[in-house]
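Every chain is numbered from 1, with letters handed out A, B, ... down the list of sequences. Just so it is clear, the model here is predicted, and its values are computed rather than measured.
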Amino acid sequence: MLALNPQHASPDPAPPMLLSRYFLPILRETPKEAEILSHRLMLRAGMIRQEAAGIYAWLPLGFRVLQRVTQIVREEMDRAGAIELLMPTLQLADLWRETGRYDAYGPEMLRIKDRHERELLYGPTNEDMITEIFRAYVHSYKELPKILYHIQWKFRDEQRPRFGVMRGREFLMKDAYSFDIDEPAARRSYQRMFVAYLRIFDRMGLKAIPMRAETGPIGGDLSHEFIILAETGESGVYCDADILGLPIPDESIDYDGALEPIVKGWTRLYAATDDVHDPARFERETPPERRVRKRGIEVGQVFYFGDKYSKPMRALVTGPDGVERPVIGGSYGVGVSRLVGALIEANHDEAGIIWPDSVAPFVVGIANLKVGDAASDTASLKLYGALKKAGIDVLYDDLDERPGAKFARLDLIGLPYQVIVGPRGLAEDKVEVKTRRTGAREMMSIGEAIARFAA
RNA sequence: CGGAGUGUGGCGCAGCCCGGUUAGCGCACUAGUCUGGGGGACUAGGGGUCGCGGGUUCGAAUCCCGCCACUCCGACCA
């Protein structure tokens, strides 16, 4: 038996989630700098604090959402067979000189010197470093395929950061890199990630549409952007309405099985952002009633880039024929911190945020409408204790405030379910369960409320 | 990077043109009383290097110069 300290041995190490002890700095008025809706709501709901242009501190509520999103991404990457590691944020300039990208990248790259005048950079992406790691250890086709990923902060010194976390300079990104012996194998890896991405966004309740994309400075010849539809999106998107109804593979998906039909199904129909949009083709391939013209937010991108990095960096593997050749690669990014903003863009109303259950910072909020009233306090605590014990993420509003303020705050922070406890309901031994998304309210006993969530 | 702006208690703003009481208002905050199912009312309080530096002046939040930070519109990006 390990010698655990008492704290670690505690049966219930989770801290109490009483609002009176939590840190949730709600803003009643909207800070003037926030233009876009998700940015305003994140500031008002006390999720983030701007520390510099495009650089944010994640406050407890926002951090919880960020962690939820991170965890979904991680689970789906793992399911697809990718392997997590963690690379540093700082990289040596010399590494980037091997691929010529140190000069090619331009002012978006934050360049730093250490005390020895060594040139460093804050990584905007990690192809060079992962290739360096790969070449140090892998030399045979027998070790392939490999998909490695990490979830790490990136920095791109955007000319004009805006839209809060949707386009910050510092942002959290999941980036995965695939290594294969040849192009057909690399395309299989690409398909794995493609399908994993369908699942990632679906689990967050987002309709993400893969669209043919330019490859940009990363390079390569096969790429898709995953775009979610939202009125405030940065780019115009055009697609076939039938894409929106395509089924998403469930968690029993066999990543070693046939993935190509799935990918084909999703890429067969027309879908393009405005920079690659071909109006003539759109009209030729899509019947008028199925032509969707909307705005979208890019939340992920997958690239196949072949030997673009492995060749200059001499990341070589020996094939079954005994011949050494550059490993064939792809890279696959998800904007994790951007997703938090995108989720709000896709899930809100006049009163505030409406979190999908899967990413909600807390699933249930308990509002004690009359703190200090014995019946209300007892009922609220009973609910709180039972839900916590059942493993439900619950936030208990135990502040001595007026009901209106509590309702407004709970609506703003967007917890999927509210349990409203007050003298009026308790007179009949009931509490009210409100579903944030629909506004539906239902009176039920405390036992029924517990069963409802703890099921 | 081109263009346009803004910096005044935690937040939103007024004051600046035309220099001169103790820099003001709403919200928030503190104490108390009454309240209590959609951001309550009253009373009494606390809190400000007016972004930073220099200059003009008897006197600068206010005029002049320089710098910094931030925002918005456009071209570019997870």
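A:F453 pairs by the ring-ring contact (aromatic ring centres under 6.0 Å, His included) definition with A:Y417, not counting sequence neighbours. In this view, A:R68 and A:D393 satisfy the salt bridge (Lys or Arg N to Asp or Glu O under 4.0 Å) rule, not counting sequence neighbours. Scored by the side-chain contact (heavy atoms from CB on, under 4.5 Å) test, A:D278 finds A:Y270, A:A280, A:R281 as partners (sequence neighbours excluded). By the side-chain contact (heavy atoms from CB on, under 4.5 Å) test, A:F407 is found to be paired with A:L369, A:P403, A:I420, residues two or more places apart in sequence or in another chain being considered. Under the ring-ring contact (aromatic ring centres under 6.0 Å, His included) criterion, A:F226 pairs with A:F194, A:Y197, A:F201, not counting sequence neighbours. A:F163 is linked by a ring-ring contact (aromatic ring centres under 6.0 Å, His included) to nothing, counting only residues two or more places apart in sequence or in another chain. Taking the side-chain contact (heavy atoms from CB on, under 4.5 Å) definition, one finds that A:P124 meets it with A:W96, A:Y105, A:M109, A:L121, A:R156, sequence neighbours left out.
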Side-chain polar contacts of residues 335-348 of chain A - donor-acceptor pairs under 3.5 angstrom, sequence neighbours left out - could you list them?
unit_1: A:S337; atom_1: OG; unit_2: A:L172; atom_2: N; d: 2.8
unit_1: A:R338; atom_1: NE; unit_2: A:M166; atom_2: O; d: 2.8
unit_1: A:R338; atom_1: NH1; unit_2: A:E298; atom_2: O; d: 2.7
unit_1: A:R338; atom_1: NH2; unit_2: A:M166; atom_2: O; d: 3.1
unit_1: A:E345; atom_1: OE1; unit_2: A:T232; atom_2: OG1; d: 2.1
unit_1: A:E345; atom_1: OE2; unit_2: A:S38; atom_2: N; d: 2.8
unit_1: A:E345; atom_1: OE2; unit_2: A:S38; atom_2: OG; d: 2.7
unit_1: A:N347; atom_1: OD1; unit_2: A:R437; atom_2: NH1; d: 3.3
unit_1: A:N347; atom_1: OD1; unit_2: A:R437; atom_2: NH2; d: 3.1
unit_1: A:N347; atom_1: ND2; unit_2: A:L343; atom_2: O; d: 2.8
unit_1: A:H348; atom_1: ND1; unit_2: A:I344; atom_2: O; d: 2.8
unit_1: A:H348; atom_1: ND1; unit_2: A:E345; atom_2: O; d: 3.2

* To do: For the pair A:Y384 and A:N368, evaluate side chain to side chain donor-acceptor pair (under 3.5 Å) and give the outcome as yes or no after the intermediate values.
  => CA-CA 11 Å; A:Y384 171 72; A:N368 181 349; over 6 Å; no

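The stretch residues 432-452 of chain A touches RNA chain B through A:E432, A:K434, A:R441, each having a heavy atom under 4.0 angstrom from the strand.
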Contact list (N/O, under 3.5 angstrom) for nucleotides 41-45 of chain B vs protein:
none

Hey, what are the protein-to-nucleotides 30-33 of chain B N/O distances that come in under 3.5 Å?
none

Detail all sub-3.5 Å separations between protein N/O atoms and N/O atoms belonging to nucleotides 71-75 of chain B.
unit_1: B:rU71; atom_1: OP1; unit_2: A:Q50; atom_2: NE2; d: 2.9
unit_1: B:rU71; atom_1: O3'; unit_2: A:E33; atom_2: O; d: 3.2
unit_1: B:rC73; atom_1: OP2; unit_2: A:R160; atom_2: NH1; d: 3.4
unit_1: B:rC73; atom_1: OP2; unit_2: A:R160; atom_2: NH2; d: 2.3
unit_1: B:rA75; atom_1: N6; unit_2: A:R162; atom_2: NH2; d: 3.2
unit_1: B:rA75; atom_1: N1; unit_2: A:Q159; atom_2: OE1; d: 2.9

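Of the nucleotides present, none pairs with B:rU56 by Watson-Crick or G-U wobble criteria with both distances under 3.5 Å.
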